[in-house]
Protein chains: 2
Amino acid sequence: MIEANSASEQTRTRLLEAAREVFSQHGFQSATVREICRRADANVAAVSYHFGSKDGLLAEALNFAPLKAMQLANIQTVASPEMRLHLFIRDFMLMLLDETNGSPPCRIMARELADPTPALDKIVREAIAPLHEFLGKLVREIAGDGIAEAELRRCMYSILGQCLYYRHSHPVLQRLHPKLRYSRKKIEAIAAHIADFSVAGIRHISGKTGAG
Amino acid sequence: MIEANSASEQTRTRLLEAAREVFSQHGFQSATVREICRRADANVAAVSYHFGSKDGLLAEALNFAPLKAMQLANIQTVASPEMRLHLFIRDFMLMLLDETNGSPPCRIMARELADPTPALDKIVREAIAPLHEFLGKLVREIAGDGIAEAELRRCMYSILGQCLYYRHSHPVLQRLHPKLRYSRKKIEAIAAHIADFSVAGIRHISGKTGAG
DNA sequence: TTGTATTTCAAACAGGTGTTTGATACGCTT
DNA sequence: AAGCGTATCAAACACCTGTTTGAAATACAA
């Protein structure tokens, strides 16, 4: 029987939550089914039973609704494109870095950028491609229609690269500055920097060749 | 007997070269000693015999001399700091992306940023910390002494983040643009963009608060 | 309560990993 | 050629991985 509170649905939910945690912490490959089941207080066979395989568990653990909702809210915000870029960067950084309110699926996505798994196709299709489309439009609003397609893409990559650096390089930054921790305030300061830095960069790039 | 061309030294060298290839392609964990030995045309036991362990092989495979030489040459170059930043970014990108003349140890380093292994401490100490120091001085020359330490660091991260994005996100970019390939010319175009973008960003940041 | 389908469990399985072993082959000096 | 230390090799080892198995427990309808 399909019922939200059945025993089966409860372990399913616990497994998904544990999987998001473990996958985002250790990466898909280093994460073991046994640790996920330990955290979910379930038997090792539960993953195969409920999701078919470890791959299937990852596919169901991914949930980009928050990411999409963030973009939709951004589009509907009445503000200058520069302000909306700042908002986007802040929300994106919070998803990537905030330990309490962050989005594990987004952190999984960040990991998969460099280390593909069978789920990467789904991630690209459902999360990254729409994200690029959204960000492309936003950058174009700032740069003006005169900007070339290649330059627009490079500006997008400059922004995403700055954001993702703090997640990807976290182990290194932690070693260089052991007392480092990302409070909400620090994340917002970083986001403000990236936004300022990037707007100046975009304006400079768009002012060099095109008609602005 | 210790001799450069002895049979032992030959397989040692072949193992190191194969290891750099495989580690930079698959990452340390996914790389198997069996594949490394296959490529080096050596027996599986050769790794343990010559390097003690897979960890030991990685430690010896790392060689940041090219990275250091690049920084030294940059320092000795007589040019504006903006020009030297452009040079640094170009050389760094070539090491990260150029398939024929790139530096496998640098690509390994890029991978390890996100996925630490026992070698990360050595990498941070010997490669990343000096790199940060070098880049910090260079950015300070552009920004002026008025820039705050925190802002200086964020500018450095903005630059490194942009550079590393193209390596980290390569699997995704490949999926989004299947015909993508990094020729030397394209790498130099990307480097020029990052340099222009970043100089504008640094000038904007340093002009906001400090005395420049 | 009885019967049936679903869910859980300990145990085992098959495959891959890094590493070790002991014998064999090799290079080099005497 | 004989002797010796080094290097190579096939084979095995111990461990960990995702997955499967078949029995036991549970939930639920009749």
Side-chain angles (χ1 to χ4, degrees), chain A residues 1-23 25-62 108 111-112 115-120, chain B residues 1-23 25-62 108 111-112 115-120:
Chain A
M1 169 166 294
I2 298 172
E3 187 183 330
N5 281 353
S6 72
S8 159
E9 285 301 309
Q10 281 183 25
T11 68
R12 254 188 77 98
T13 304
R14 286 203 316 276
L15 279 171
L16 284 172
E17 285 173 2
R20 293 194 185 100
E21 262 188 50
V22 178
F23 284 151
Q25 282 179 8
H26 304 306
F28 177 73
Q29 185 164 250
S30 295
T32 68
V33 172
R34 281 172 173 79
E35 177 171 356
I36 292 170
C37 290
R38 204 181 311 127
R39 289 208 203 183
D41 204 24
N43 186 272
V44 218
V47 165
S48 286
Y49 180 78
H50 285 285
F51 304 98
S53 66
K54 189 187 178 187
D55 283 15
L57 174 58
L58 172 63
E60 292 216 35
L62 294 173
I108 297 173
R111 277 193 164 276
E112 295 249 348
D115 208 22
T117 75
L120 182 55
Chain B
M1 168 166 294
I2 297 174
E3 187 184 328
N5 280 355
S6 73
S8 160
E9 285 302 308
Q10 280 182 26
T11 68
R12 253 187 78 97
T13 303
R14 285 204 316 276
L15 279 171
L16 284 172
E17 285 173 3
R20 292 193 186 100
E21 262 188 50
V22 178
F23 285 151
Q25 282 179 8
H26 304 308
F28 176 73
Q29 185 165 249
S30 294
T32 68
V33 313
R34 281 173 173 80
E35 177 171 356
I36 292 171
C37 291
R38 204 181 312 131
R39 289 209 203 182
D41 205 23
N43 186 271
V44 219
V47 166
S48 287
Y49 180 79
H50 286 284
F51 304 98
S53 66
K54 188 187 177 187
D55 283 14
L57 174 57
L58 173 63
E60 293 216 36
L62 295 173
I108 296 173
R111 276 193 165 275
E112 294 248 348
D115 209 21
T117 74
L120 182 55

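- We find that CG of Leu57(B) is positioned 12 Å from C1' of dG18(C), with the value rounded to whole Å.
- With rounding to whole Å, Arg38(B) atom CZ is found 13 Å from dT17(C) atom C1'.
- Residues satisfying the salt bridge (charged side-chain N to carboxylate O under 4.0 Å, His left out) test with Arg39(B), not counting sequence neighbours, are Glu21(B), Glu35(B).
- Remark: Ser48(B) pairs with no residue by the side chain to side chain donor-acceptor pair (under 3.5 Å) rule, at least two apart or across chains.
- In this model, the phosphate group of dT6(C) is not approached by any side-chain N or O of His50(A) to a distance below 4.0 Å at OP1 or OP2.
- With rounding to whole Å, Arg12(A) atom CZ is found 14 Å from dT6(C) atom C1'.
- Computed from coordinates, the Leu58(B) CG to dT17(C) C1' distance equals 17 Å when rounded to whole Å.
- Checking side-chain atoms of Arg111(B) against main-chain N and O of Gln25(B) turns up a donor-acceptor pair under 3.5 Å.
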What one-letter contact string describes nucleotides 18-24 of chain D from 5' to 3', where B marks a base within less than 4.0 Å of any protein heavy atom, S marks contact via sugar-phosphate atoms alone, and - marks no contact?
BBBB---

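- Between Glu112(B) and Leu58(B), the closest side-chain pair of non-hydrogen atoms falls below 4.5 Å.
- In this structure, Ile36(B) atom CD1 and dT19(C) atom P are separated by 11 Å, rounded to whole Å.
- Regarding Gln10(A), its CD atom lies at a distance of 12 Å from the C1' atom of dT7(C), rounded to whole Å.
- If you take CG of Asp41(A) and P of dT7(C), they are 18 Å apart, rounded to a whole angstrom.
- Residue pairs satisfying the salt bridge (Lys or Arg N to Asp or Glu O under 4.0 Å) criterion with at least one member in residues 50-61 of chain A, sequence neighbours excluded, are listed as follows: Arg12(A)-Glu60(A).
- Under the side chain to side chain donor-acceptor pair (under 3.5 Å) criterion, Ser30(B) pairs with Gln29(A), sequence neighbours left out.
- When rounded to the nearest whole Å, the span between CG of Leu15(A) and P of dC9(C) equals 11 Å.
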